[in-house]
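Heads up, the thing below is written out as structure tokens.
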2 protein chains.
Amino acid sequence: MEARSADRSTPAERRQLSAVDGLAQLSFLVQRMLERRAGEHDLSIIQTRLLGVLRDRRPTMNELGKLLALDKSSVSGLVERAERRGLVTRTPSPADGRAVLVSLTKDGRMLVAEAASQFEADVLALLNRLSPSDRGALSGLVSRLLVAYATDHGIDPFPSVGSD
Amino acid sequence: MEARSADRSTPAERRQLSAVDGLAQLSFLVQRMLERRAGEHDLSIIQTRLLGVLRDRRPTMNELGKLLALDKSSVSGLVERAERRGLVTRTPSPADGRAVLVSLTKDGRMLVAEAASQFEADVLALLNRLSPSDRGALSGLVSRLLVAYATDHGIDPFPSVGSD
DNA sequence: TATTGTTATACTCTATAACTATA
DNA sequence: TATAGTTATAGAGTATAACAATA
């Protein structure tokens with residue numbers, strides 16, 4: 001649902017968002033930035049995530065399902081649509097006759113690189129609204145938060161977000 | 001795409017995420033929390049957002065489209081499905097014979113309240129991984145960032161996230 | 001038998017276009 | 001004419017279930 005403050009005062013009187021509202025709003029903002037940049041390349045967020053995880057992997061359909069937290073049948077459709085656009089290719093696995101390896105094409109790699117750099121620029125522009133010292137502080141706090149969370153969940157905090 | 005660090009060192013050597021990666025990961029994490037809690041009530045994120053914006057509004061279909069950034073035809077379907085579940089009701093507008101007012105039912109209000117409080121608890125639990133002073137610092141920085149961004153875009157930073 | 005992947009099916013979500021009714 | 005809303009249609013994205021091929 002929408003994050004919402006219980007605060008009923010007028011805008012001019014309110015000077016700070018609650019921590020929960022702030023984090024919720026920030027997450028929506030970042031997601032919107034990603035969605036917008038992806039959309040400029042006719043990519044959905046999930047298609048963009050697919051290309052993203054393939055940047056440094058050549059997984060089977062099965063592994064892709066785990067990486068993206070999708071059912072194998074969903075992966076079939078996702079990859080089929082990306083393949084139809086020439087962004088990824090399917091290759092039979094030499095190691096396992098049942099398996100299929102998915103990898104980026106040149107076009108796919110170019111597209112994801114472009115979208116990634118634009119998204120990065122968006123986030124940097126957002127962060128530039130803070131002073132350098134505030135920026136560093138925010139970055140450090142977010143990093144610590146994520147590392148603590150990941151550690152609690154037995155995950156390596158550093159590989160990418162979302163799925164891999 | 002997946003947020004990714006260009007850092008190629010091993011996990012044990014890496015001690016901080018880049019600011020961009022951190023914000024991207026954090027946004028995915030918060031979104032997953034929302035998605036999970038919504039899913040427990042058989043709600044999608046967009047259905048949850050619909051209920052969320054209706055908590056303190058009684059908009060027309062048209063206004064709802066602007067609040068959620070959806071085409072009017074999308075709103076028709078969205079509201080139709082929510083109405084079928086007994087979560088919202090449609091009432092003819094007394095002021096305009098063409099317009100329809102959408103509002104929460106008791107069931108809808110209960111559902112969104114429950115999902116909201118669970119989501120809030122998730123975010124608070126996440127934040128509790130930081131010390132109280134770090135928590136305050138993070139909250140303040142995020143708040144300043146969002147206020148600066150909103151001000152630059154001529155938006156009131158305080159009403160809810162995402163759409164309203 | 002178990003695993004990998006595809007296909008059939010069903011539903012949500014979204015947009016465009018055509019339509020009705022009201023302003 | 002313009003606006004509010006619905007409906008028809010098309011497509012992406014998701015899951016479950018049934019299936020074929022391989023291990």
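Treat the numbers as computed from the prediction; the structure is a model and nothing was measured. Below, read A as the first sequence line, B as the second, and so on, with proteins coming before strands; counting in each chain starts at 1. All values below come from the heavy atoms of this structure, side chains included, with hydrogens, waters and symmetry mates left out.
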May I ask you to evaluate whether B/Arg81 reaches the phosphate of C/dC11, defined as a side-chain N or O under 4.0 Å from OP1 or OP2?
-> no
Do you see a donor-acceptor pair shorter than 3.5 Å between the side chains of A/Asp107 and A/Thr105?
-> no
To the nearest Å, how far apart are B/Gln47 CD and C/dC11 P?
-> 15 Å
Under 4.0 angstrom, heavy atoms only, what part of the nucleic acid is A/Glu80 near: base, sugar-phosphate, or nothing?
-> nothing
Which whole-number value in Å describes the distance from B/Leu70 CG to D/dG5 P?
-> 14 Å
Does any donor-acceptor pair link the side chain of B/Ser76 with the base of D/dT7 at a separation under 3.5 Å?
-> no
Out of D/dA4, D/dG13, C/dT16, which nucleotide sits closest to the side chain of B/Ser73?
-> C/dT16
Specify the separation, in whole Å, of atom CG of A/Leu50 and atom C1' of D/dA12.
-> 14 Å
Is any side-chain N of the basic residue among A/Arg85 and A/Asp42 closer than 4.0 Å to the acidic one's carboxylate O?
-> no
Interatomic distance where CG belongs to B/Asn62 and P belongs to D/dT6 [whole Å] | 11 Å
base_contact_polar (C/dT3 base, A/Arg98 side chain, donor-acceptor, <3.5 Å) | yes
Here the gap from B/Leu87 atom CG to B/Met110 atom CE, rounded to the nearest 0.5 Å, amounts to 10.5 Å
Determine the contact category for B/Gly77: base if any of its heavy atoms lies under 4.0 Å from a base atom, sugar-phosphate if only primed atoms, P, OP1 or OP2 are that close, otherwise nothing.
-> nothing
Identify which one of A/Val30, A/Asp122, A/Leu124 satisfies the side-chain contact (heavy atoms from CB on, under 4.5 Å) criterion when paired with B/Val20.
-> A/Leu124
Upstream residue (5' side of DNA chain D) when B/Ala99 and A/Leu43 are each assigned their closest nucleotide | B/Ala99
N/O (side chain, B/Thr60) to phosphate O (OP1/OP2, D/dA4) under 4.0 Å | no
Of all the nucleotides listed (C/dG5, D/dA23, D/dT14), which has the minimum atom distance to the side chain of A/Met61?
-> C/dG5
Whole-Å gap separating C1' (C/dA17) and CG (B/Asp71) = 10 Å
Take atom NZ of B/Lys72 and atom C1' of C/dT22, then tell me their distance rounded to the nearest Å.
-> 13 Å
Nearest-angstrom distance from the residue atom CD of A/Glu35 to C1' of C/dC13 | 12 Å
Does B/Ser74 make a side-chain N or O approach to OP1 or OP2 of C/dC13 shorter than 4.0 Å?
-> no
A/Leu145 pairs by side-chain contact (heavy atoms from CB on, under 4.5 Å) with which of B/Leu130, B/Leu29, B/Asp134?
-> B/Leu130
Between atom CZ in A/Arg90 and atom P in C/dT4, what is the gap in whole Å?
-> 16 Å
